[in-house]
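In what follows, a single structure is set out as structure tokens and then discussed.
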Amino acid sequence: MKTQSSASLTEPVYDHILNLILNMELKPGDRIPEVTIAQELGVSRTPVRNALKQLENEGLVVIYPNRFVQVATYDDEMIQNLGIMRIAVDSMAVRLAIFRGSNEDFHRLRTLAEKCCIIDENAGRLERIRNDYLFHLQLSIIARNPVLEKYQSQFLRQMEVMLSYRFVEAMTASVTHLMIADAIEAWDEELAVKPTATHLAEFYHLKENFPFLLKNTHLL
């Protein structure tokens, strides 16, 4: 691996560290063993540091300069703040998807929604989390707004990591995905936005403390 450039090595190192986090080999608050990772992968510390910087930009690790790097932690307030932002971003993604999406886009989204149902019944925790991630990411891709897609990708990655250690059963999520896909295919904005906002508010436990988030969902 050392014969490759540091830039080309950053992505596989990033994937390796991310998988360590998602598989709970590195838990929230754990220090990341940079030297050990470099040795195990047969690379210098430069691609490891580049990968850690990328993970920091996504809110997944915290870098303390000249000291250490640790996996980010998510307290209840942080999780609720993430949920509030996701309601705003996902609701806009749904509206833009209806406005800009094609029938081919909608078919791809429905395929992902149906796949979530199958996976919910038969797959493990990480695969279920991953496919929920892919469904919501596809919404932002169909929206064709690079700024929205960038922030949505970051929010979803944080959610993916958060769920890896605070996993909750999300069987109803697959049903909600199908409802959203149906409404988008019918070009019905309000019918698509409402289950999106409601599902996220319930998932992030926002309904009691932030009831206004579900009022006038047609305005989201």
Side-chain angles (χ1 to χ4, degrees), residues 1 6 9-87 89-90 116 119-137 140 150-174 199-206 208-210:
M1 214 181 250
S6 294
L9 291 173
T10 297
E11 184 174 352
V13 174
Y14 168 92
D15 290 339
H16 176 75
I17 298 174
L18 179 61
N19 285 331
L20 291 177
I21 295 171
L22 293 176
N23 287 305
M24 294 296 292
E25 294 178 58
L26 289 173
K27 298 179 177 62
D30 282 356
R31 295 191 182 189
I32 296 176
E34 298 177 53
V35 175
T36 300
I37 289 173
Q39 292 173 344
E40 288 177 348
L41 298 180
V43 302
S44 70
R45 293 185 66 181
T46 299
V48 175
R49 288 170 177 163
N50 291 341
L52 290 172
K53 185 62 180 176
Q54 184 177 341
L55 288 162
E56 182 189 42
N57 290 338
E58 295 176 350
L60 306 184
V61 305
V62 180
I63 297 177
Y64 297 93
N66 302 317
R67 296 174 61 197
F68 58 86
V69 181
Q70 70 178 34
V71 180
T73 59
Y74 297 90
D75 59 20
D76 290 341
E77 182 179 5
M78 174 60 181
I79 292 170
Q80 286 196 332
N81 287 335
L82 177 61
I84 290 170
M85 292 305 300
R86 284 212 52 208
I87 287 177
V89 171
D90 277 64
C116 286
I119 286 174
D120 271 359
E121 295 176 356
N122 302 315
R125 174 177 58 88
L126 288 181
E127 191 173 1
R128 292 168 68 176
I129 292 171
R130 180 61 179 168
N131 279 275
D132 180 82
Y133 170 99
L134 291 174
F135 176 85
H136 288 278
L137 183 62
S140 65
K150 173 185 175 182
Y151 284 103
Q152 176 73 310
S153 179
Q154 180 176 326
F155 294 150
L156 288 171
R157 185 65 79 193
Q158 290 177 359
M159 183 204 73
E160 189 178 20
V161 171
M162 181 266 292
L163 283 178
S164 71
Y165 70 97
R166 296 182 65 155
F167 182 68
V168 294
E169 289 297 323
M171 197 67 181
T172 57
S174 60
H199 162 60
L200 291 172
E202 291 175 348
F203 183 81
Y204 288 97
H205 306 292
L206 300 173
E208 182 177 342
N209 295 327
F210 303 93

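- Among residues two or more places apart in sequence or in another chain, the salt bridge (Lys or Arg N to Asp or Glu O under 4.0 Å) test is passed with E58 by none.
- Between the CD1 atom in I37 and the CD atom in E40 there is a gap of 7.0 Å [rounded to 0.5 Å].
- Using a 4.5 Å heavy-atom cutoff, the side chains of M162 and Y204 are in contact.
- With sequence neighbours excluded, the residues satisfying side chain to side chain contact (heavy atoms under 4.5 Å, CB included) with F210 are Q80, I84, L206, F212, L213.
- For the residue pair V13 and A51, the shortest heavy atom distance occurs at CG1-CB, 3.8 Å.
- Taking E56 as the reference, K53 meet the side chain to side chain donor-acceptor pair (under 3.5 Å) condition, with sequence neighbours excluded.
- Each ring pair (Phe, Tyr, Trp, His ring centres under 6.0 Å) pair with one or both residues in residues 36-73, not counting sequence neighbours, appears once here: Y64-F68.
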**Report entry** Chi angles and distances behind the side-chain contact (heavy atoms from CB on, under 4.5 Å) call for D132, M159
**Finding:** CA-CA 10 Å; D132 180 82; M159 183 204 73; 3.4 Å; yes

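- Partners of F135 under the ring pair (Phe, Tyr, Trp, His ring centres under 6.0 Å) rule, at least two apart in sequence or in another chain, are H177.
- When all heavy atoms of A72 and G59 are compared, the closest pair comes out as CB-O, 3.6 Å.
- Other residues, nucleotides and ligands contribute only 12 or fewer heavy atoms inside 6.0 Å of the OH atom of Y151.
- When atom types are taken as modelled, the side chain of S153 and the backbone of K150 share no donor-acceptor pair closer than 3.5 angstrom.
- We find the CG-CG distance between L137 and L156 to be 6.0 Å, quoted to the nearest 0.5 Å.
- Looking at residues two or more places apart in sequence or on another chain, you find a side chain to side chain contact (heavy atoms under 4.5 Å, CB included) between T73 and P28.
- Of all the heavy atoms in R45 and A38, the pair that sits closest is CG-CB, 4.3 Å.
- Take E160 and apply the side chain to side chain donor-acceptor pair (under 3.5 Å) test, not counting sequence neighbours, and it matches R157.
- Remark: V89 pairs with L148, Q152, F155 by the side chain to side chain contact (heavy atoms under 4.5 Å, CB included) rule, at least two apart or across chains.
- Between P33 and L26 the shortest heavy-atom distance is CD-CD2, 4.0 Å.
- Side-chain atoms of L41 and V48, non-hydrogen and from C-beta on, never get closer than 4.5 Å to each other.
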Report task. Would you please test I129 and L22 for side-chain contact (heavy atoms from CB on, under 4.5 Å) and show each step? Result -> CA-CA 10 Å; I129 292 171; L22 293 176; over 6 Å; no

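- Taking CD1 of I87 as the start and NE2 of H199 as the end, the distance is 10.0 Å to the nearest 0.5 Å.
- Taking CG from L52 and CD1 from I17, the interatomic distance works out to 4.0 Å, rounded to the nearest 0.5 Å.
- Remark: T10 OG1 to R49 CZ distance equals 12.5 Å, nearest 0.5 Å.
- For the side chain to side chain donor-acceptor pair (under 3.5 Å) condition, no pair includes a residue of residues 15-31, sequence neighbours left out.
- Interatomic distance, L163 CG to R130 CZ, rounded to the nearest 0.5 Å: 13.0 Å.
- Q70 pairs by the side chain to side chain donor-acceptor pair (under 3.5 Å) definition with nothing, not counting sequence neighbours.
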